[in-house]
Amino acid sequence: HSSLVAALDDLDVLPPAVGLHSFSGSAHQIGQLLSTRAGPRLYFGFSHTVNVAMGGAAEPQPALLDAIRAVPERKLLVESDCADERSATLALPLALRLVADARG
């Protein structure tokens, strides 16, 4: 994620918004990214499918919960991370629960 910080700082023209899909960095890295010039345009996505299940865990890791809590509410994206409607319908409630549990 340090290379992402450097890449954002090097941009001459910033895009209107940047969504960081199924963000896998730490709470500290979120702070670093938000402190860049692009910080106001960054949004952080989390999904149960990628952030929990694909990591082989039955439960979310404490570092993931810390990262979700580090994201300002208005910059938080909840993702199903599924390509088809049926899978997304099943995955989205898991992602919502993940974020809700992390944020209390």
Side-chain angles (χ1 to χ4, degrees):
H1 293 95
S2 61
S3 58
L4 178 57
V5 170
L8 290 170
D9 280 339
D10 286 345
L11 289 175
D12 291 330
V13 178
L14 295 171
V18 177
L20 300 173
H21 172 63
S22 291
F23 186 75
S24 62
S26 67
H28 176 74
Q29 290 165 331
I30 289 168
Q32 287 179 314
L33 288 164
L34 289 173
S35 70
T36 66
R37 191 170 56 90
R41 298 171 187 218
L42 298 179
Y43 296 86
F44 299 82
F46 297 93
S47 72
H48 186 276
T49 304
V50 171
N51 295 111
V52 179
M54 287 183 71
E59 297 293 324
Q61 299 298 309
L64 171 60
L65 301 176
D66 289 343
I68 292 169
R69 285 189 287 268
V71 177
E73 186 174 305
R74 63 185 174 74
K75 299 192 151 292
L76 188 60
L77 304 173
V78 178
E79 306 178 55
S80 70
D81 201 26
C82 296
D84 64 273
E85 183 179 349
R86 184 177 183 279
S87 297
T89 300
L90 297 172
L92 193 54
L94 296 173
L96 290 167
R97 173 62 55 200
L98 168 66
V99 172
D101 286 348
R103 298 192 62 100

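None of the values given here were measured: they were computed from a predicted structure. We number each residue from 1, following the sequence as shown.
Atoms OG and CZ, from S24 and F46 in turn, are 9.0 Å apart once rounded to the nearest 0.5 Å. Note that NE2 of H48 is 11.5 Å distant from CZ of R97, once rounded to the nearest 0.5 Å.
Looking only at side-chain heavy atoms (C-beta outward), P72 and L34 come within less than 4.5 Å of each other.
Shown here for K75 and L42, the closest heavy-atom pair between the two residues is NZ-O, 2.9 Å. A pairwise comparison of heavy atoms in P93 and A88 identifies CD-O, 4.5 Å as the closest pair. Smallest separation of non-hydrogen atoms from E79 and L92: C-CD1, 4.2 Å. For the residue pair D81 and S22, the shortest heavy atom distance occurs at OD2-OG, 3.8 Å. Residues V52 and E59 share a closest heavy-atom pair of CG1-C, 4.0 Å. Between Q29 and S26, the shortest heavy-atom contact is OE1-N, 2.7 Å.
Note on L94: it does not cluster hydrophobically with F44, by side-chain heavy-atom contacts below 4.5 Å among ILVMFWY residues. In the hydrophobic clustering of ILVMFWY residues, with side-chain heavy atoms under 4.5 Å counting as a link, V99 and L90 come out apart. Residues V18 and I30 are members of one and the same hydrophobic cluster, defined by side-chain heavy-atom contacts under 4.5 angstrom among Ile, Leu, Val, Met, Phe, Trp and Tyr.
Side chain of S47 to backbone of A95: no donor-acceptor contact under 3.5 angstrom is found. Within the 3.5 Å criterion, the main-chain N or O of F23 finds a donor-acceptor partner in the side chain of N51.
Residues forming a salt bridge (charged side-chain N to carboxylate O under 4.0 Å, His left out) with R37 (at least two apart in sequence, or on another chain): none.
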For residues 63-71, tabulate all N or O donor-acceptor pairs below 3.5 Å that involve a side-chain atom, not counting sequence neighbours.
residue	atom	partner	partner atom	Å
D66	OD1	R69	NH2	2.6
R69	NH1	A102	O	3.0

Solution key, residues 4-11 side-chain donor-acceptor pairs under 3.5 Å, sequence neighbours excluded:
none

